Amino acid sequence: MTGKPVKVVYDYQTNTETIIELTDAEIAQIEIDRAAFLAEQEEQAQAAAALAALKDSAKAKLIAGQPLTAEEADTLVI
Amino acid sequence: MAFTALGWTKLASPAASISMNIPSGYEDIIVKFSLRGDSGSEDSLFVRINGSSSTNYSWGILQTDGSAQTATGGEASGLNTSTSLRVGYLASSATDANNYTTGILTSFAYSNSNFTKAFRWQSAYENNVTSGNTKGVHGGGYWNSTSTITSISFHPTNGSNLVAGSTVAVYGYTKA
């Protein structure tokens, strides 16, 4: 073993377990997966924050009797 | 109908992924999993079939998080745009100690060459990252291939390892 990450492979036909070091391609794929996951998390957080801001703005305008924008109204009307 | 236990295995030491080589001879395959990662932040759990990381997966999940219910789909949500199946969130170092993500994944008609391969899953874990809620995921998806499924692998998304003590159990379903 060279200290690289490993994967464990179970073969249920032979009931054997094998520990295999990841290839460079598999390690590169892990980095790709991680970047995609973090980007998705950031995108979802931004979308949630934008929706919350729109709802807050719509609520404030309704209380004040002011007209809503179409985007604000969309947060209230199904 | 009959369910046959094909095997149960437990990680003795941390690993980047667990892969199960699946025998032929059954209608469907059911995988029960109890997994935890060692990432320091919230992580998710995904599945690859036959080791493929091509963009030929599609999936959708309904997620519940405490009292809120939200739905989310595949990244760039569309047909065959994902490189894996997202099967849930993964308990990690950022969540309560000794807490595992548990779930069941069913692979339908895994050796039928007439169909692309369909899956259904449920998973849950206790999320203590922000509010101590329990996150549940109900999902389905498919791998756009007619190839026989010969292996199913679980991976953390955030580049972490699955910890020792993580387990998987595999069952084969056959008609009566």
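In this text the structure is predicted, and so the values were computed from the model without any measurement. Each chain gets a letter, A, B and so on, in the order the sequences are listed, and its residues count up from 1.
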Which atoms of [X] are under 4.5 Å from chain B, going by heavy atoms: the side chain, the backbone, both sets, or neither?
{"X": "Gln41(A)", "answer": "side chain"}
{"X": "Asp11(A)", "answer": "both"}
{"X": "Ile32(A)", "answer": "neither"}

Worksheet entry | same_hphob_cluster(Val47(B), Tyr12(A)) at 4.5 Å side-chain heavy-atom cutoff |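 Yes; Tyr12(A) is reachable from Val47(B) via cluster members.
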Discussion item. Does this structure show an ion pair linking Asp56(A) with Lys61(A), if we count only N-O contacts that are shorter than 4.0 Å?
Written reply: no
Worksheet item: Does the distance from a Lys or Arg side-chain N to an Asp or Glu carboxylate O, for Glu26(A) and Lys4(A), drop under 4.0 Å?
Response: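 Looking at Lys4(A) together with Glu26(A), the answer is no, because their closest N to O distance does not fall below 4.0 Å.
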What part of [X] is in contact with chain A, defined as an atom under 4.5 angstrom from a non-hydrogen atom: side chain, backbone, both or neither?
{"X": "Thr157(B)", "value": "both"}
{"X": "Leu162(B)", "value": "neither"}
{"X": "Pro156(B)", "value": "neither"}

Worksheet item: Looking only at side chains, do Tyr110(B) and Glu27(B) share a donor and an acceptor under 3.5 Å apart?
Response: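 Looking only at side-chain atoms, Glu27(B) and Tyr110(B) do not form any donor-acceptor pair under 3.5 Å.
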Practice prompt. With a 4.5 Å cut-off on heavy-atom pairs, point out which of Ser84(B), Ser153(B), Ala16(B) contacts chain A the most.
Written response: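 So the answer, after comparing Ser84(B), Ser153(B), Ala16(B), is Ala16(B).
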Worksheet item: Looking at Thr9(B), Ile18(B), Val168(B), which one has more heavy-atom pairs under 4.5 Å with chain A than the rest?
Response: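 Of the options given, most contacts go to Thr9(B).
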Item to complete: Compute both the distance and the angle, then confirm whether Lys135(B) meets the cation-pi test with Tyr89(B): under 6.0 Å from the six-membered ring centre, within 45 degrees of the axis.
Response: yes
Discussion item. Walk me through whether Leu22(A) and Ile30(A) qualify under side chain to side chain contact (heavy atoms under 4.5 Å, CB included).
Written reply: CA-CA 10 Å; Leu22(A) 299 188; Ile30(A) 286 175; 3.4 Å; yes
